[in-house]
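See below for the structure under consideration.
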2 protein chains.
Amino acid sequence: MTDLWVIHYSTGYCSVRKGARVPTVSDVAARAGVSTATVSRALNGKPTVDPDLAARVRQAADDLGYQPNGPARNLRRQEAAVVALIISDVENPFFTAIARGVEDVAHEVGYSVVLCNSDESVEKENRYLDIAIQERVAGVILSPSGPTSTVAKLASRGTAYVAVDRPLPGQDSDVVLVDTRLAAREATAHLIAQGYERVGCITGPAGVRTADDRLAGYRDALKAARRRTPKLVRRTEYKAAGAHRAALDLLAQPESPDALLIANSVMAVGVLQALQEQGVRAGRDVGLVTFDDAPWAALVDPPLSVVAQPAYEIGAVAARLLLARIADATRPPTATTLGARLTKRASSRRH
Amino acid sequence: MTDLWVIHYSTGYCSVRKGARVPTVSDVAARAGVSTATVSRALNGKPTVDPDLAARVRQAADDLGYQPNGPARNLRRQEAAVVALIISDVENPFFTAIARGVEDVAHEVGYSVVLCNSDESVEKENRYLDIAIQERVAGVILSPSGPTSTVAKLASRGTAYVAVDRPLPGQDSDVVLVDTRLAAREATAHLIAQGYERVGCITGPAGVRTADDRLAGYRDALKAARRRTPKLVRRTEYKAAGAHRAALDLLAQPESPDALLIANSVMAVGVLQALQEQGVRAGRDVGLVTFDDAPWAALVDPPLSVVAQPAYEIGAVAARLLLARIADATRPPTATTLGARLTKRASSRRH
DNA sequence: TTGAAAGCGCTAACAA
DNA sequence: TTGTTAGCGCTTTCAA
């Protein structure tokens, strides 16, 4: 496989820069003819330093190409102006939109964001949490991959954190959620109102709150419409492959569904593939509503009805909460719930 | 806007953990009844330590919930087992696939990956490069956002780095590319062979190598087919909005194109939207080939013909090169070029 | 095999 | 306003 792709491989000569000693405060101090303390003060914009001296120091730093040593600074300061964002799937547009929200807010106040992809795996999440602790980041924003998340260690060390998208069981932390149970209920009610008879649901793993809530909302709607709950629910990983299998399985049932509620856009890809393979026409043979308004949702055939979540806002709100908590660890934790919006397109319109 | 979405906001009580002193090597040493040197050796798996002692140390560390202080360690070691990956767009599946490739390889050998989104902005890229230098990461993998990238400072400090997707002008570094000029030529030739008469091209900004190369390949094909180059080329940011405008502009031309080569999948979203708005039927009125096999490419109407790039492989190869360079800075730089594959679907089939 | 001690580069308390 | 100096927590000589 790999070799097939490689069509060209060339090597050149190397221009190593050997013995490139990295300049330190001392070097800058020597060049500017001041003490290291003054360099530190000048470079950190402290007001108690003579403007002329400050300028000389900055000049010297520039000349030398000085870049502060982060580990040394963080060691001394006992904190880094960095927040870690641990998301459960980099390939899900919902989470990348959250990342943008976090970044924009954090950058405004001089914080950097490092993005970690836990890939829906509690092990990887745990590993990144350890790294975040070890690197002594100022705070962590995360979408917990499962009910067994080990964020408790953040709390016990006093590291600030905020949960997004999914709450932390038994954890009394700041959290930013979406009322997806209500949204799922509305979406399902919409399908029923369109005249679909056997509405199914493909959702995420048990114990993942969004998956459970979307299923609960789906059941709420069925109950309200006095439908008996059919055996048309499938749970799987939040991935395309799992949803693909789930869809094939549902289609093979004797009483297969004539409509589906799908719990996220990554799953929707798998479902649409399955329908295509089976020659089932989406929107005609099977009505569809999926969570998340992916960039491509309106472009598929037929355009997908979606539950749009305010992903960017989630990230922005979470970042603001985190910064507030970093500034004041004693403030009471808040729970913010944002609303979602059902966008009706052709995939759920009865023909 | 924001307020509209907020439907619930509650506050609870806070359980702050005050004065939670973080355990250090000294604490572990005291508890295990050994010196800090032995703790360090034991925890780092050095062979020169008595197994019994080592066990006692590990036990003590566990009891205390000890986590090494990263900044202190990195300060002492003068290097962190971290690589920075700076990509030009987190919302582009091509780059997130690269990220997975990098992560998988890096994790195998105990390196962590931090992801930075330069958002196609040289300023942000520059900022992240500074952070990478300051944090003294072991190496950097980046897709340069433009020709004015400032990676030179990495070289001058001896920090290892690898360029992916786009080369660094005048830079003699490891680089992993795709032969997209050839791929663009094949894709364009395919459109011509299908009988399209006025093939246009929407590509990225001048100076971004992939954008230039894809345009060059497009022109290669036109020349080979003895077509005079029509005024059907548009350049814009690598974003949906830019491509949307470009497509509308092209459609408004007196001699508007009957086929388009689109330089990436993010742009394809904008183009498809534009076509939809103008009531132009993709694949019927206008033939389409786009770069990158996004997850949704086969699901739109009609399924998109694409130039599939080996994104995951690019990341994996780049990570291996970076690790090799970290281990040996004197090895000659290599240029690896991978091939792309044209996948023909309905959007480029002449009816 | 273990311990004592130095020092990585920076910032902040204290002195001048 | 500036300089001197201690020390953040770790690893790593060097000695025992």
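All values below come from the heavy atoms of this structure, side chains included, with hydrogens, waters and symmetry mates left out. Here is how names work: the chains are called A, B, and so on, in the same order as the sequence lines, proteins then strands, and each is numbered from 1.
Both A/V25 and B/T48 lie near DNA chain C, and the one whose nearest nucleotide falls closer to the 5' end is B/T48.
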Look for any protein N or O under 3.5 Å of an N or O in nucleotides 3-7 of chain D and output each such pair with its distance, or none.
{"from": "D/dG3", "atom 1": "OP2", "to": "A/S35", "atom 2": "N", "distance (Å)": "3.0"}
{"from": "D/dG3", "atom 1": "OP2", "to": "A/S35", "atom 2": "OG", "distance (Å)": "3.1"}
{"from": "D/dG3", "atom 1": "OP2", "to": "A/T38", "atom 2": "OG1", "distance (Å)": "2.6"}
{"from": "D/dG3", "atom 1": "N7", "to": "A/R41", "atom 2": "NH2", "distance (Å)": "2.7"}
{"from": "D/dG3", "atom 1": "O6", "to": "A/R41", "atom 2": "NH1", "distance (Å)": "3.2"}
{"from": "D/dG7", "atom 1": "N2", "to": "A/R76", "atom 2": "NH1", "distance (Å)": "3.1"}

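Between A/R157 atom CZ and D/dG9 atom C1' the separation is 13 Å, expressed in whole Å. Atom P of nucleotide D/dT12 and atom CG of B/L43 are separated by 13 Å, given to the nearest angstrom. Here C/dC8 presents its P atom at 12 Å from CG of A/D27, a figure rounded to the nearest Å. Rounding to whole angstrom units, NZ of residue B/K46 and P of C/dG3 are separated by 16 Å. If you take CZ of B/R56 and C1' of C/dT2, they are 12 Å apart, rounded to a whole angstrom. Rounded to whole Å, the distance from CD on B/Q78 to C1' on C/dC8 is 5 Å. Atoms CD (A/Q67) and P (C/dC10) sit 11 Å apart, rounded to a whole Å. For B/E79 and D/dT11, the CD to P distance is 14 Å, given to the nearest whole Å.
Using modelled atom types, no side-chain atom of A/D119 and backbone atom of A/S121 make a donor-acceptor pair closer than 3.5 Å. A/D104 contributes no side-chain N or O that, together with a main-chain N or O of A/G101, makes up a donor-acceptor pair within less than 3.5 Å. A/R157 contributes a side-chain N or O that, together with a main-chain N or O of B/G65, makes up a donor-acceptor pair within less than 3.5 Å.
Within 4.0 Å of B/N44, counting heavy atoms only, lie sugar-phosphate atoms of the nucleic acid but no base atom. Within the 4.0 angstrom heavy-atom criterion, no nucleotide atom of any strand lies near B/P71. When heavy atoms are screened at a 4.0 angstrom cut-off, B/T24 is found touching the sugar-phosphate backbone but no base atom.
The side chain of A/R77 approaches C/dT11 more closely than any other nucleotide in the set D/dC10, C/dC10, C/dT11. Of the candidates D/dC10, C/dT1, C/dA12, the closest approach to any side-chain atom of B/D50 belongs to C/dT1. Nearest to the side-chain atoms of A/N69 among the listed nucleotides C/dT11, C/dC10, D/dT2 stands C/dC10.
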Decide salt bridge (charged side-chain N to carboxylate O under 4.0 Å, His left out) for B/R31 and B/D62; before the verdict, give the C-alpha distance in whole Å, the side-chain angles of both, and the deciding distance to 0.1 Å.
CA-CA 11 Å; B/R31 187 168 233 270; B/D62 275 0; over 6 Å; no

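If you take CG on B/N44 and CZ on B/R73, they are separated by 5.0 Å, rounding to the nearest 0.5 Å.
For the side chain to side chain contact (heavy atoms under 4.5 Å, CB included) test with B/V164, the passing option among B/I87, B/I141, B/L321 is B/I141; the others fail.
Using a cut-off of 4.0 Å between Lys/Arg side-chain N and Asp/Glu carboxylate O, A/D50 and A/R41 are scored as not salt-bridged.
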